Amino acid sequence: MSAFLGVIGDSEVKDLKLIYDCDSLCIFQGHAIGKTEEGQLIKESIRYIFVKDSFVSAISGKPTYYEAVRGADYMSGKEIKDFKRKMDEGGTNLYQQYLAMGDMVEMPNM
């Protein structure tokens, strides 16, 4: 989160909430909080995206995951419900978009 916020030192995530999940994609929303070198508090709404690459996982025989952090508005309950509906309707196309956003997660030898 420090790199996302552009701060040096510790940062934290608060108000973390699962907003979408299926067999290969999880999306959380929250607030990333940190301080600048001058001590100014920075708080940004974020989405954390965690995606399983089903194709690479099947070929390699090992689960392969990607993750990303993006800035986004913090959604209300109704907005989350609408978001889930759009995700379910978008299917494979939205899955591919989220997969493309991520960086590979280095997993310990399994």
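Worth saying up front: this structure is predicted, and the values here are computed from it rather than measured.
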Colleague: Could you tell me whether the side chain of Ile49 reaches within less than 4.5 Å of the side chain of Tyr66, counting heavy atoms only?
Modeller: no
Colleague: Is there a side-chain contact between Asn93 and Gln96 (heavy atoms, below 4.5 Å)?
Modeller: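 Not in contact.
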Colleague: Show me the pairs that pass side chain to side chain donor-acceptor pair (under 3.5 Å) and involve residues 48-57, at least two apart or across chains.
Modeller: Tyr48-Glu67
Colleague: Does a side-chain heavy-atom distance below 4.5 Å link Ile80 with Gln29?
Modeller: yes
Colleague: Can you name the residues that form a salt bridge (Lys or Arg N to Asp or Glu O under 4.0 Å) with Glu89, not counting sequence neighbours?
Modeller: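 By the salt bridge (Lys or Arg N to Asp or Glu O under 4.0 Å) rule, Glu89 matches Arg85.
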Colleague: What closest approach, in Å, do Ser11 and Gly34 show between heavy atoms, and which atom pair accounts for it?
Modeller: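 So the two residues come closest at CB-CA, 4.2 Å.
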Colleague: What pairs meet the ring pair (Phe, Tyr, Trp, His ring centres under 6.0 Å) rule with one or both residues in residues 74-99, with sequence neighbours excluded?
Modeller: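 Ring pair (Phe, Tyr, Trp, His ring centres under 6.0 Å) check on residues 74-99 returns His31-Tyr74.
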Colleague: Is the backbone of Met101 close enough, under 3.5 Å, to the side chain of Arg70 for a donor and an acceptor to pair up by distance?
Modeller: yes
Colleague: So how far is it from Ile19 CD1 to Lys17 NZ, rounded to the nearest 0.5 Å?
Modeller: 9.5 Å
Colleague: Is there a path from Ile42 to Val69 through hydrophobic residues (I, L, V, M, F, W, Y) whose side chains come within less than 4.5 Å of each other?
Modeller: yes
Colleague: Taking all atoms of both residues into account, what is the closest heavy-atom pair of Cys26 and Leu18, and its distance?
Modeller: CB-CD1, 4.5 Å
Colleague: Roughly how far, to the nearest 0.5 Å, is the CD1 atom of Ile33 from the CD1 atom of Ile46?
Modeller: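 Answer rounded to 0.5 Å: 10.0 Å.
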Colleague: Taking all heavy atoms of Arg47 and all of Asp73, pick out the closest pair and write down the distance.
Modeller: NH2-O, 3.1 Å
Colleague: Is it true that a side-chain atom of Ser24 and a backbone atom of Cys22 form a donor plus acceptor pair closer than 3.5 Å?
Modeller: no
Colleague: Which heavy atom in Met75 sits nearest to a heavy atom in Glu79, and how many Å separate them?
Modeller: CA-OE1, 3.2 Å
Colleague: Passes salt bridge (Lys or Arg N to Asp or Glu O under 4.0 Å), Asp82 versus Lys86? Steps please.
Modeller: CA-CA 6 Å; Asp82 291 342; Lys86 287 178 186 174; over 6 Å; no
Colleague: Of all heavy-atom pairs between Ser45 and Ala72, which one has the smallest distance, and what is that distance?
Modeller: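 Reported closest heavy-atom pair: CB-O, 2.7 Å.
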Colleague: Is there a path from Ile27 to Val105 through hydrophobic residues (I, L, V, M, F, W, Y) whose side chains come within less than 4.5 Å of each other?
Modeller: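 Result: no, two separate clusters.
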Colleague: As an exercise, state the distance from OH of Tyr20 to CG of Asp88, rounded to the nearest 0.5 Å.
Modeller: 4.0 Å
